[in-house]
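The next block holds one structure in the form of structure tokens; read it before the comments.
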Amino acid sequence: MSSQNPMRVAVVGATGFQGGAVARLLVERHHRVRTLTRRPEGDRPPLPGAEFVPGELAAPMDVRRLFEGVTHAFVTMPLVYERGRVRAYAENVARAAREAGVERLVFSTNTRMPQGPTGVPAFETRRLAEQVLRDSGVPLVVVRPPVYLDNLFSPWNGPGLVNEGVLAYPLPAAAPTAWISHRDLAEAALAALTRDGLDGRTFDIGGALSLTGADLAAAFGRGLGRAVRYVPLRPELFERAVAQLLGPETAAGVAGIYHYLATGADPLLMAGDDGVSADVLGLAPAPVEEWVTRQPWQVWSSDTEEQPA
């Protein structure tokens with residue numbers, strides 16, 4: 001499948017951070033991208049070169065229109081954790097992809113997946129979507145990222161990091177985590193779309209190293225050129241902060257992952273896979289400190305002399 005011909009790719013979720021990163025990389029590499037959106041034209045994120053198809057995942061005909069003429073697809077679910085809705089979204093995608101004759105579909109669960117049932121909607125709805133897509137008969141590759149570095153370049157973390165050297169996040173300090181950037185997720189998705197012999201495979205993608213909280217703080221310290229200490233944030237405080245932005249239902253879904261990790265039931269869930277995915281997919285994830293040096297942290301600085309003009 002490693003063809004030099006441009007793909008025509010339906011990107012489900014391109015108006016979000018992760019899907020947007022995938023869409024931008026595909027366009028950079030001269031592939032054609034289509035995505036579905038409910039947003040009016042003036043409220044869409046900047047995705048130069050991508051085609052927007054008006055509609056929503058809940059409407060089968062809208063999803064069919066998205067998939068018309070495409071050869072490949074990348075899919076990540078929106079921040080919805082109600083089982084019936086996620087099943088309907090996945091069934092609409094599976095049907096449209098099958099009817100369009102999609103050559104390969106890459107599904108990102110947007111989280112690692114515990115082996116057995118957990119009762120946690122953030123895991124179980126993605127497990128359900130994965131199974132629906134697998135049962136469709138469309139050639140499928142699944143990528144399961146751990147936690148995104150980009151989560152840390154945020155109003156919750158930026159000011160504390162830059163002004164106080166405090167890195168607070170709702171992961172246990174001792175939990176080894178293979179932090180990955182949105183850009184490296186996109187590189188993994190592109191490889192999963194194009195490399196030969198991957199149909200049916202699942203990859204626990206991630207960064208090159210599994211870092212504890214102290215390791216992560218040290219990497220940030222090197223990137224920022226200052227001392228940084230890691231503070232494990234209580235998941236309920238994280239959930240409360242997310243609820244102010246996204247509402248209580250979405251916040252509960254997102255925070256469910258961190259409540260689960262706080263129990264210690266699966267301490268290696270977010271760790272690396274000993275380089276297996278990177279080797280098969282031909283990836284070289286950037287070191288954390290390199291990612292840190294590329295971010296415009298001065299926007300969070302309380303020092304007015306450090307503010308961008």
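- Listed by first and then second residue, the side-chain hydrogen bond (donor to acceptor under 3.5 Å, both in side chains) pairs that reach into residues 263-272 come to none, sequence neighbours excluded.
- When hydrophobic clusters are built by joining Ile, Leu, Val, Met, Phe, Trp and Tyr residues whose side-chain heavy atoms come closer than 4.5 Å, directly or via intermediates, Leu268 is not grouped with Val147.
- Arg144 places no side-chain N or O within donor-acceptor distance of the main-chain N or O of Thr109, the cut-off being under 3.5 Å.
- Shown here for Pro145 and Ile205, the closest heavy-atom pair between the two residues is CA-CG1, 3.7 Å.
- Annotation: Asp274, atom CG; neighbour count of heavy atoms from other residues, nucleotides and ligands within 6.0 Å does not exceed 12.
- Counting heavy atoms from C-beta outward, Val22 and Val33 have side chains that stay 4.5 Å or more apart.
- Formation of a donor-acceptor pair under 3.5 Å by the Arg8 side chain with backbone atoms of Gly69 is found in this model.
- Under a 4.0 Å N-O distance rule, the pair Arg134/Glu130 qualifies as a salt bridge.
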>> Between Leu25 and Arg183, is the side chain to side chain contact (heavy atoms under 4.5 Å, CB included) condition met? List the steps.
In response: CA-CA 8 Å; Leu25 180 63; Arg183 179 71 179 195; 3.3 Å; yes

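- Looking at heavy atoms from C-beta onward, Tyr148 lies out of side-chain contact with Ser181 at the 4.5 angstrom threshold.
- Between Pro267 and Ala265, the closest heavy-atom pair is CD-C, 3.7 Å.
- Between the side chains of Thr118 and Glu124, at least one donor N or O sits under 3.5 Å from an acceptor N or O.
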>> For a ring-ring contact (aromatic ring centres under 6.0 Å, His included) check, start with the C-alpha distance between Phe153 and Trp297, then their side-chain angles and the critical distance, and finish with the verdict.
In response: CA-CA 8 Å; Phe153 188 79; Trp297 297 99; 5.0 Å; yes

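- Within the 4.5 Å cutoff, the side chain of Pro139 has no heavy atoms near those of the Leu105 side chain.
- Judged by distance alone, with hydrogens and angles left aside, the side-chain atoms of Thr76 form no donor-acceptor pair with the main-chain N or O of Gly13 at under 3.5 Å.
- The backbone N or O of Ala59 lies less than 3.5 Å from no partner atom in the side chain of Glu56, so there is not a single donor-acceptor pair.
- In this structure, Val143 and Ala192 approach most closely via the heavy-atom pair CG1-CB, 4.4 Å.
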> Under the side chain to side chain contact (heavy atoms under 4.5 Å, CB included) criterion, do Ser210 and Thr177 qualify, and how do the steps go?
Replying inline: CA-CA 5 Å; Ser210 297; Thr177 302; over 6 Å; no

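- Remark: the backbone N or O of Leu57 is paired with a side-chain donor or acceptor of Asn92 at under 3.5 angstrom.
- Taking CG of Leu233 as the start and OH of Tyr258 as the end, the distance is 10.5 Å to the nearest 0.5 Å.
- Considering all non-hydrogen atoms of both residues, Ala14 and Thr35 come closest at CB-OG1, 3.2 Å.
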>> Determine whether Leu269 and Tyr260 satisfy the following criterion, side chain to side chain contact (heavy atoms under 4.5 Å, CB included), listing intermediate values before the conclusion.
In response: CA-CA 10 Å; Leu269 182 63; Tyr260 175 82; 4.1 Å; yes

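- With Arg195 contributing its side chain and Leu190 its backbone, the two residues share no donor-acceptor pair below 3.5 Å.
- To the nearest 0.5 angstrom, Leu198 atom CG is 4.5 Å from Phe203 atom CZ.
- Taking the six-membered ring where tryptophan is involved, the planes of Phe17 and His182 are essentially parallel, since the angle between them stays under 30° and well short of 60°.
- Between atom CG of residue Leu149 and atom CZ of residue Arg294 there is a gap of 9.5 Å, rounded to the nearest 0.5 Å.
- With a 4.5 Å cut-off on side-chain heavy atoms, Phe238 and Val254 count as touching.
- No side-chain donor-acceptor contact under 3.5 Å links Asn110 to the backbone of Met77.
- Distance check: Glu103 CD to Thr194 OG1 gives 12.0 Å after rounding to the nearest 0.5 Å.
- If you check the side chains of Tyr169 and Asn151, you find a donor sitting under 3.5 Å from an acceptor.
- Between the side chain of Arg24 and the backbone N or O of Gly19, no donor-acceptor pair lies under 3.5 Å.
- When every heavy atom of Arg87 is checked against every heavy atom of Leu128, the shortest pair comes out as NH2-CD1, 3.5 Å.
- Here the side chain of Arg229 pairs no donor or acceptor atom with the backbone of Leu167 at under 3.5 angstrom.
- By the rule that hydrophobic residues join a cluster once side-chain heavy atoms approach within less than 4.5 Å of another member, Phe107 and Val132 end up as members of separate clusters.
- Proximity of Thr37 to Val53: side-chain heavy atoms (C-beta onward) are nowhere separated by under 4.5 Å.
- Here Leu211 contributes atom CG and Phe220 contributes atom CZ; the two are 10.0 Å apart, rounded to the nearest 0.5 Å.
- Counting heavy atoms from C-beta outward, Val102 and Val70 have side chains that approach closer than 4.5 Å.
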>> Working note: Leu26 + Leu193, criterion side chain to side chain contact (heavy atoms under 4.5 Å, CB included); need CA distance, chi angles, decisive distance, verdict.
In response: CA-CA 10 Å; Leu26 288 167; Leu193 283 166; 4.1 Å; yes

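- With sequence neighbours left out, Glu236 forms a side-chain hydrogen bond (donor to acceptor under 3.5 Å, both in side chains) with Arg234.
- Going from atom CZ of Arg104 over to atom CG of Asp199 covers 4.5 Å, rounded to the nearest 0.5 Å.
- Proximity of a side-chain donor or acceptor of Asp184 to a complementary backbone N or O of Ala286 within less than 3.5 Å is detected.
- Across all non-hydrogen atoms, the minimal contact from Phe67 to Ala73 is CE2-CB, 3.6 Å.
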